Amino acid sequence: MLQVAAYLGSSDCVCKLELPMSSVWLMTLVRCMLCTRPISGLDKMTQDRIASLLLQAFLHIVPAPGETHTFSSKLQFHLHPMVGNSAAGDSSLVRGLLVEVQDNSPWDHHRCPEQLVLKRDPNGKIVTALFDISMAGDPSDGYPDGLHLESDVPLGLVDVEGVMVGRILEMVEYVVRQGVGFVGCQKCVHRRVKSYCEGQGVVMLDRLSSVYMNAVKNVTGGEVISSFSLNYPSSWWGALNSITPMVIQDKRYGP
């Protein structure tokens with residue numbers, strides 16, 4: 001594959017065609033791709049609308065001069081085609097990473113975004129922490145690092161879950177004291193931990209898929225944490241400019 005790529009980029013390759021990378025040519029190309037799809041059935045105005053949105057999204061992820069990424073890790077756009085009773089021409093481009101959340105999220109999705117008070121650092125950023133370990137307190141998930149249970153009574157009479165949740169809460173309290181305002185977890189989080197975060201003005205999202213975790217990691221620039229500790233390096237934290245609850249096509253996004 002590398003040899004093919006090298007050949008295509010060399011002067012020996014004769015199957016090359018120079019193309020004018022103007023906005024008009026790009027729009028024509030995108031429009032042609034839309035028209036050839038079986039589901040198109042769109043009028044010209046709607047085709048132009050969606051083609052324009054697709055082109056905008058593409059241009060915003062093209063690396064800037066000097067960047068080595070194949071996309072800009074700090075800027076992602078999502079095209080939301082409107083379906084059902086909504087007109088396709090009402091499709092929009094949403095700046096940022098859209099994370100679908102569960103209906104039982106402690107954050108009220110009827111609340112106006114302006115009323116969502118977010119914890120920020122002195123620079124106005126929302127410090128983030130990402131975990132790929134369970135915070136449910138379930139003994140079957142294994143014990144948090146550094147937790148050793150010793151008791152004079154039979155183990156069956158010990159509230160193992162309570163002890164584990166207490167250990168998890170200590171860790172989360174430490175993270176919050178470090179100025180973290182958003183905690184994302186790939187697995188489940190105990191309701192007591194969620195309640196504590198909400199009381200501290202910290203956004204907590206759990207059950208994030210691995211796809212979401214990788215995307216959030218790219219956007220925030222933070223590291224995914226796989227252990228419990230009371231001494232994480234600050235270099236593991238990431239940062240966000242804003243978090244906004246949204247409802248699109250009856251699906252909830254954000255906190």
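Quantities reported herein were computed from a predicted structural model and do not represent experimental measurements.
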Item to check | Working for side-chain contact (heavy atoms from CB on, under 4.5 Å), residues F182 and V127 | outcome: CA-CA 6 Å; F182 170 86; V127 181; over 6 Å; no
Checklist outcome for this item: Between the OH atom in Y212 and the CG atom in L130, the distance rounded to the nearest 0.5 Å is 14.5 Å
Checklist entry - Got a second to check how far T128's OG1 is from L205's CG, nearest 0.5 Å? => result 11.5 Å
Item to check | Contact summary for I243 and L118, nearest pair of heavy atoms | outcome: O-CD1, 3.6 Å
Checklist entry - Going through the distances and angles, do K125 and N241 end up as a side-chain contact (heavy atoms from CB on, under 4.5 Å)? => result CA-CA 5 Å; K125 300 288 187 179; N241 290 326; 2.3 Å; yes
Next on the checklist: Tell me every residue that passes side-chain contact (heavy atoms from CB on, under 4.5 Å) with L230, counting only those two or more places apart in sequence or in another chain.
Outcome noted: R167, E170, M171, Y174
Checklist entry - Taking all atoms of both residues into account, what is the closest heavy-atom pair of V172 and C197, and its distance? => result CG1-SG, 3.7 Å
Next on the checklist: Can you list everything that forms a side-chain contact (heavy atoms from CB on, under 4.5 Å) with S195? Sequence neighbours excluded, please.
Outcome noted: none
Checklist entry - Does the side chain of Y232 come within less than 4.5 Å of Q178's, by heavy atoms? => result no
Item to check | Of all pairs that satisfy side-chain hydrogen bond (donor to acceptor under 3.5 Å, both in side chains), the ones with a partner from residues 184-193, not counting sequence neighbours | outcome: E161-H190
Checklist entry - Atom CE in M27, atom CG in L54: separation rounded to 0.5 Å? => result 9.5 Å
Checklist outcome for this item: Rounding to 0.5 Å, atoms CZ (F131) and CH2 (W236) come to a distance of 9.5 Å
Checklist entry - OH/Y196 to CG/L169 distance, rounded to the nearest 0.5 angstrom? => result 8.0 Å
Checklist outcome for this item: Those residues at least two apart in sequence (or on a different chain) that pass salt bridge (Lys or Arg N to Asp or Glu O under 4.0 Å) with D48 are R31, K44
Item to check | salt bridge (Lys or Arg N to Asp or Glu O under 4.0 Å) involving E173 - partner list, sequence neighbours excluded | outcome: none
Next on the checklist: Once salt bridge (Lys or Arg N to Asp or Glu O under 4.0 Å) is applied, do any residues pair with R120, and if so which ones, sequence neighbours excluded?
Outcome noted: none
Checklist entry - Atom CZ of F228 and atom CD1 of I168: how far apart are they, to the nearest 0.5 Å? => result 4.5 Å
Next on the checklist: Is there a side-chain contact between R207 and C188 in this structure, where contact means two heavy atoms from C-beta onward sitting under 4.5 Å apart?
Outcome noted: yes
Checklist outcome for this item: What one should report as the nearest heavy-atom pair of V175 and A129 is CG1-CB, 4.0 Å
Next on the checklist: Could you report the tightest heavy-atom contact between S226 and D132, atom names first, then the distance?
Outcome noted: OG-OD1, 2.9 Å
Item to check | Atom NZ of K119 with >12 non-hydrogen neighbours under 6.0 angstrom | outcome: yes
Next on the checklist: Counting only heavy atoms from other residues, nucleotides and ligands, does the tally under 6.0 Å from CG of D121 exceed 12?
Outcome noted: yes
Checklist entry - What's the shortest heavy-atom distance between I126 and S242, and which atoms? => result CD1-CA, 3.8 Å
Item to check | Nearest heavy atoms of C185 and M213, plus distance in Å | outcome: C-SD, 4.3 Å
Item to check | Derivation of the side-chain contact (heavy atoms from CB on, under 4.5 Å) call for K217 and E223 | outcome: CA-CA 6 Å; K217 178 179 181 294; E223 297 293 333; 4.0 Å; yes
